[in-house]
Amino acid sequence: MTRQEIEEQLLGLSLADKAEIIQSLTKNLSTSGRGITKTPGVCGGEACIAGTRIAVWLLAEAQQLGINEAQLLQDYPHITAADLVNAWAYADAHPEEITAAIRANNEAA
């Protein structure tokens with residue numbers, strides 16, 4: 001099956017089915033590779049790039065401030081483009097969590 005055929009089938013689905021597929025794909029992206037983890041006692045339990053202390057909200061805020069992916073990869077040389085894909089997928093799937101974390105960090109500063 002081609003990507004175009006899949007896309008055509010997806011467009012014919014109900015909103016609920018589309019949302020379920022998006023959640024499944026997002027979960028798959030965020031658990032592939034090193035993925036995203038939440039560890040109690042590490043970075044306040046915030047979602048981080050697995051194996052690091054780099055919070056997803058930090059990357060999302062940087063992106064909102066106009067920092068591009070190339071710069072993020074330069075600033076954080078121990079993460080990969082795949083890590084950023086996982087971070088963006090997590091942030092897209094959990095916008096309220098990310099917004100609240102950014103707000104809490106800015107209020108603490």
Side-chain angles (χ1 to χ4, degrees):
M1 183 175 284
T2 68
R3 188 191 71 71
Q4 184 176 359
E5 290 170 330
I6 293 170
E7 185 175 333
E8 288 172 7
Q9 288 187 356
L10 289 172
L11 291 174
L13 295 175
S14 70
L15 287 177
D17 286 341
K18 288 176 188 174
E20 194 172 319
I21 288 171
I22 289 170
Q23 287 177 335
S24 176
L25 290 172
T26 300
K27 182 177 180 181
N28 179 272
L29 282 173
S30 66
T31 58
S32 63
R34 293 191 319 177
I36 305 299
T37 60
K38 287 179 150 184
T39 306
V42 176
C43 294
E46 299 287 352
C48 292
I49 301 294
T52 75
R53 292 179 174 260
I54 301 171
V56 173
W57 69 261
L58 177 70
L59 297 170
E61 183 178 38
Q63 187 182 50
Q64 290 172 5
L65 294 172
I67 299 172
N68 64 36
E69 290 183 358
Q71 185 63 49
L72 288 171
L73 292 171
Q74 185 175 350
D75 292 345
Y76 301 99
H78 50 287
I79 66 171
T80 66
D83 292 328
L84 291 179
V85 168
N86 288 333
W88 306 150
Y90 186 92
D92 287 345
H94 305 280
E96 297 87 9
E97 175 186 333
I98 300 303
T99 299
I102 290 170
R103 186 178 314 114
N105 182 68
N106 288 333
E107 288 173 356

Ile67-Tyr90 co-clustered via ILVMFWY side chain contacts under 4.5 Å: yes
Going hydrophobic residue to hydrophobic residue with side-chain gaps under 4.5 angstrom, can you get from Leu72 over to Leu65?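 Shared cluster, no.
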Using the side-chain contact (heavy atoms from CB on, under 4.5 Å) rule, take Val56 and His94 through it: C-alpha gap first, then chi angles, then the decisive distance, then the call. CA-CA 10 Å; Val56 173; His94 305 280; over 6 Å; no
Decide yes or no for Ile102 and Gln64: does some side-chain heavy atom of the first lie under 4.5 Å from some side-chain heavy atom of the second? yes
Is any side-chain heavy atom of Leu59 less than 4.5 Å from a side-chain heavy atom of Tyr76?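 Result yes, sub-4.5 Å side-chain heavy-atom pair found.
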Shortest non-hydrogen contact between [X] and [Y], atoms and distance:
X: Ile54; Y: Thr52; value: N-OG1, 3.0 Å
X: Cys48; Y: Ala55; value: SG-CA, 3.8 Å
X: Ala60; Y: Ile98; value: CB-CG2, 3.7 Å
X: Ile49; Y: Ala87; value: CD1-CB, 4.0 Å
X: Met1; Y: Ile6; value: SD-CG1, 3.3 Å
X: Leu11; Y: Lys18; value: O-NZ, 3.5 Å

Would you give the length of the straight line joining atom [atom1] of [X] to atom [atom2] of [Y], rounded to the nearest 0.5 angstrom?
X: Glu8; Y: Thr2; atom1: CD; atom2: OG1; answer: 7.0 Å
X: Asn86; Y: Thr80; atom1: CG; atom2: OG1; answer: 7.5 Å
X: Asn105; Y: Glu46; atom1: CG; atom2: CD; answer: 9.0 Å
X: Ile79; Y: Glu69; atom1: CD1; atom2: CD; answer: 9.5 Å

Can you tell me if Glu5 has over 12 outside heavy atoms packed within less than 6.0 Å of its CD?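 Buried by this count: over 12 neighbours within 6.0 Å.
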How about Gln71: does its CD atom have over 12 heavy atoms from other parts shown lying under 6.0 Å from it? yes
side-chain contact (heavy atoms from CB on, under 4.5 Å) for Leu13 and Leu10? Distances and angles first, verdict last. CA-CA 5 Å; Leu13 295 175; Leu10 289 172; 3.7 Å; yes
